[in-house]
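The analysis underlying the following values was restricted to heavy atoms, covering all of them including side chains, and did not include hydrogens, waters or symmetry mates. Nothing fancy with the numbering, it's 1 onward along the sequence.
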Amino acid sequence: MSVSELEAELSEDEREGLDLIRETGGIHQSDFWKELDVSSRKGSRIAEALEDSGLIQRTDTVYDGHNTYYLEPAPRDLDFSLLMAGDMLSPFIGEEEVDAQADAFSQWMMNLAYEEY
């Protein structure tokens with residue numbers, strides 16, 4: 001199941017929790033439920049559901065002298081196929097300025113045009 005399909009099945013509270021974790025880049029569970037303005041029990045259930053769906057990672061940690069979890073977004077599988085034309089990587093990758101008249105760009109476009117799906 002894709003990430004977007006998993007996200008479509010989330011409850012409103014779970015979606016809010018996932019947004020918070022993504023916006024912060026990571027948050028301690030003891031702060032997570034406070035930020036969401038829910039009970040610690042409900043915050044724990046939201047975090048468990050997000051972890052079970054593979055959208056976040058929970059790591060045991062000690063924070064302010066208490067055992068808790070650190071919640072962070074799960075790494076996403078990236079699909080680089082959209083940057084490929086045959087076996088050529090887009091010439092736009094890694095370049096600050098790309099000359100649309102350059103041979104590398106023309107070859108990449110030709111490979112893209114002739115690629116069969």
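Residues I21 and I27 come closest through the heavy atom pair CG1-CG2, 4.1 Å. Scanning both residues, E14 and A49, for their nearest heavy atoms gives OE2-CB, 3.2 Å. What you find for G26 and P73 is that their closest heavy atoms are N-CD, 4.3 Å. The shortest non-hydrogen separation linking A74 to G54 is CB-O, 3.2 Å.
To the nearest 0.5 Å, the span separating NZ on K34 from OG on S40 amounts to 9.5 Å. Taking OH from Y114 and CE from M109, the interatomic distance works out to 12.0 Å, rounded to the nearest 0.5 Å.
In this structure the side chain of L10 reaches within 4.5 angstrom of the side chain of L55, judged on heavy atoms. Proximity of I56 to E72: side-chain heavy atoms (C-beta onward) are nowhere separated by under 4.5 Å. Side-chain contact between W33 and S44 is absent, with no heavy-atom pair separated by less than 4.5 Å.
Tracing side-chain contacts under 4.5 Å through hydrophobic residues (I, L, V, M, F, W, Y), one reaches L112 starting from F105; they form part of the same cluster. A continuous path of Ile, Leu, Val, Met, Phe, Trp and Tyr side chains, each step under 4.5 Å between heavy atoms, connects L18 with L6, placing both in one hydrophobic cluster.
Residue pairs meeting the side chain to side chain donor-acceptor pair (under 3.5 Å) criterion with at least one partner in residues 51-61, sequence neighbours excluded, are Q29-R58, E51-R58.
Under the 30°/60° scheme for interplanar angles, the aromatic rings of H28 and Y70 are found to stand perpendicular.
Every residue was checked against the salt bridge (charged side-chain N to carboxylate O under 4.0 Å, His left out) condition with E16, not counting sequence neighbours, and none meets it. K42 pairs by the salt bridge (charged side-chain N to carboxylate O under 4.0 Å, His left out) definition with D13, not counting sequence neighbours.
Exactly one residue among L36, L71, I46 makes a side chain to side chain contact (heavy atoms under 4.5 Å, CB included) with L20. That residue is L36.
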